[in-house]
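These notes are about the structure you will find just below.
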Amino acid sequence: MTTEPAAAGAADGDVLRVEHVSKKFGAVTALTDVSLHLAKGEVLALLGDNGAGKSTLLKILCGFQPPDSGRIVLNGQEVTLKSVDHARELGIDAVYQDLALINQLTVYHNMFLNREKVRWPLLSNRAMRREAKEHLDAMGVKIPSVDVEVARLSGGQRQAIAVARSVYSDAKVLLLDEPLAAMGVKEAAMILDLVRDLKDRGEVAVIIIAHNYGQVLEVADRVNLLQQGQITFDKKSSETSVVELTEMVVAEYRRALEERRSASGPG
C-alpha cells in the first residue's frame, strides 16, 4: 500500500505547518523527519502506537521542548517557540490528560486560572462567574453549575472544562492529548460533540492524539499516522478506515518482531 507524503496538499492558508522536525534524547531518536500541516478549523487525528513520538511532537508544538532541527510555521510565519507561555501567546494551547485543573476550586475559578479578573484588592468573582457561564453555555458544555467544585464533576465534564478554558483564552490551534482515554461511552461522546462544535464554528484548528481509531475517525477531517518517529500516512478520514489503520500498525509490529528475532540469532 502506498500513501501520500505527510506534507502533500499543504496550502498557503494553513494555520500550522511542521517541516522536517527531528528530536533526539541522547542515543534515543524520538522524531526523525516529521512534516504535517493543519488548516484553519480542521480536525487532524494524530495516531500511533506507544513510543511512536506523539508526545514528543506535542511537547514541541506547545513550546515545552525545542526541536533539534526543522521549523514550525504559524499563520505563514516561521516561529521559534521559547516556552509554553510563548506558544499560548501565539495561539497554540495543549490540553493534557492531567488537565491542569484544581479540584478544590470551582468551575469558574478554573476557567480563569492564572488570569483571574481582579478588582483590587479582591477577585472579581461575579464577573468571572458570569463570563464562565456565558462561554460554557455558548459551547454547549453541560455542567450542574459553574459554582460546583471541579472534583465533583465527571471525567468528561472536567475534560470539557479544560478544552473550553483553552478556547476561551483565544487558542487558534488546540492540541488534545488522549482526550478520550479511560472514558466511558457517554463521556467520550460528550468530548467528541465538543470537538464537532469547534469544527462547525471554524475558529479553532484541532490536533487529537488518540489510540482509538474508530472514535476519532468520527470527528477528524484527516488522519496522520506516526510510526517510528515519522509521519507515514496522511489521508482524509473519508478515504480510510479502522481496518486500514489497524493493518498498518499490525504490519509495523510484525516487522519489529522479525527484526528482533533476526538480531537475537538462531535458537
Side-chain angles (χ1 to χ4, degrees), residues 1-11 14 16-18 21 29-39 41-58 61 95-97 155-156 159 163 173-200 204-262:
M1 180 185 64
T2 58
T3 59
E4 298 177 3
D14 287 334
L16 176 69
R17 292 203 311 274
V18 176
V21 161
T29 299
L31 302 173
T32 55
D33 184 15
V34 170
S35 295
L36 62 78
H37 63 98
L38 183 68
E42 183 180 33
V43 177
L44 173 66
L46 182 62
L47 309 178
D49 202 359
N50 289 330
K54 303 187 303 297
S55 294
T56 299
L57 181 58
L58 184 74
L61 292 178
V95 178
Y96 292 96
Q97 291 184 52
Q159 184 75 247
V163 171
V173 175
L174 188 58
L175 314 173
L176 302 181
D177 182 24
E178 298 284 1
L180 308 177
M183 283 196 185
V185 174
K186 290 184 178 180
E187 292 191 332
M190 179 195 307
I191 299 306
L192 292 174
D193 284 343
L194 182 54
V195 174
R196 286 191 191 93
D197 180 66
L198 292 176
K199 182 164 68 171
D200 290 343
V204 183
V206 181
I207 296 179
I208 303 180
I209 292 179
H211 279 92
N212 191 314
Y213 304 160
Q215 288 176 315
V216 295
L217 280 176
E218 293 181 20
V219 298
D221 298 295
R222 199 159 42 85
V223 177
N224 279 185
L225 184 62
L226 188 58
Q227 295 179 297
Q228 298 180 338
Q230 290 183 305
I231 301 290
T232 59
F233 182 90
D234 184 1
K235 276 189 177 181
K236 293 180 179 179
S237 297
S238 59
E239 297 174 353
T240 187
S241 65
V242 173
V243 172
E244 181 180 24
L245 292 165
T246 302
E247 287 177 349
M248 290 188 68
V249 173
V250 170
E252 179 188 16
Y253 170 76
R254 287 173 177 165
R255 285 193 300 270
L257 188 61
E258 287 299 323
E259 289 173 1
R260 191 177 306 158
R261 286 172 176 170
S262 299

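Nothing fancy with the numbering, it's 1 onward along the sequence.
In this structure, L57 and L36 have side chains that are in contact, with non-hydrogen atoms separated by less than 4.5 Å. Residues I208 and P179 have side chains in contact (heavy-atom distance under 4.5 Å, counting atoms from C-beta outward).
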Discussion item. Please evaluate residues L176 and V195 with respect to the criterion side-chain contact (heavy atoms from CB on, under 4.5 Å), reporting the C-alpha separation (whole Å), side-chain torsions for both, the decisive distance (0.1 Å), and the verdict.
Written reply: CA-CA 10 Å; L176 302 181; V195 174; 4.0 Å; yes

Discussion item. Checking L245 against L217 for the side-chain contact (heavy atoms from CB on, under 4.5 Å) test, could you report, in this order, the C-alpha distance in whole Å, the side-chain angles of both residues, the deciding distance, and whether it holds?
Written reply: CA-CA 11 Å; L245 292 165; L217 280 176; 4.2 Å; yes

Item to complete: Run the numbers on L257 and R261 for side-chain contact (heavy atoms from CB on, under 4.5 Å), then give the verdict.
Response: CA-CA 6 Å; L257 188 61; R261 286 172 176 170; 3.6 Å; yes

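Listed by chain and number, the residues in a side-chain contact (heavy atoms from CB on, under 4.5 Å) with A45 are L47, V216, A220, V223 (sequence neighbours excluded). Residues forming a salt bridge (Lys or Arg N to Asp or Glu O under 4.0 Å) with D33 (at least two apart in sequence, or on another chain): none. For the side chain to side chain donor-acceptor pair (under 3.5 Å) test, residues two or more places apart in sequence or in another chain that qualify with T240 are E244. Taking the salt bridge (Lys or Arg N to Asp or Glu O under 4.0 Å) definition, one finds that R255 meets it with nothing, sequence neighbours left out. For Q230, the side chain to side chain donor-acceptor pair (under 3.5 Å) test picks out no residue, with sequence neighbours left out. Residues passing the side-chain contact (heavy atoms from CB on, under 4.5 Å) test with Q215, sequence neighbours excluded: L180, A188, L192, N212. Every residue two or more places apart in sequence or in another chain was checked for a side chain to side chain donor-acceptor pair (under 3.5 Å) with Q228, and none qualifies. The salt bridge (Lys or Arg N to Asp or Glu O under 4.0 Å) check on E42 picks up R222, with sequence neighbours excluded. For E247, the salt bridge (Lys or Arg N to Asp or Glu O under 4.0 Å) test picks out no residue, with sequence neighbours left out. Checked against side-chain contact (heavy atoms from CB on, under 4.5 Å), V204 has the following partners two or more places apart in sequence or in another chain: V167, L174, V206.
Of the options R196, K236, K199, a salt bridge (Lys or Arg N to Asp or Glu O under 4.0 Å) to D221 is made by K199 and by none of the others.
Minimum interatomic distance between L38 and A205 (heavy atoms only, all atoms of both residues): CD2-CB, 3.5 Å. Residues L61 and V18 come closest through the heavy atom pair CD2-CG2, 3.5 Å. Closest approach of I231 and S35 over heavy atoms only: CG1-O, 3.7 Å. Of all heavy-atom pairs spanning V249 and Y213, the tightest one is CG2-OH, 3.0 Å. When every heavy atom of A52 is checked against every heavy atom of L226, the shortest pair comes out as CB-O, 3.2 Å.
Counting only distance, with no hydrogens or angles, the side chain of D234 and the backbone of N224 share no donor-acceptor pair below 3.5 Å. A donor-acceptor contact shorter than 3.5 Å is absent between the side chain of Q227 and the backbone of T232.
Screening residues 47-58 for salt bridge (charged side-chain N to carboxylate O under 4.0 Å, His left out) gives no qualifying pairs among residues at least two apart or on separate chains.
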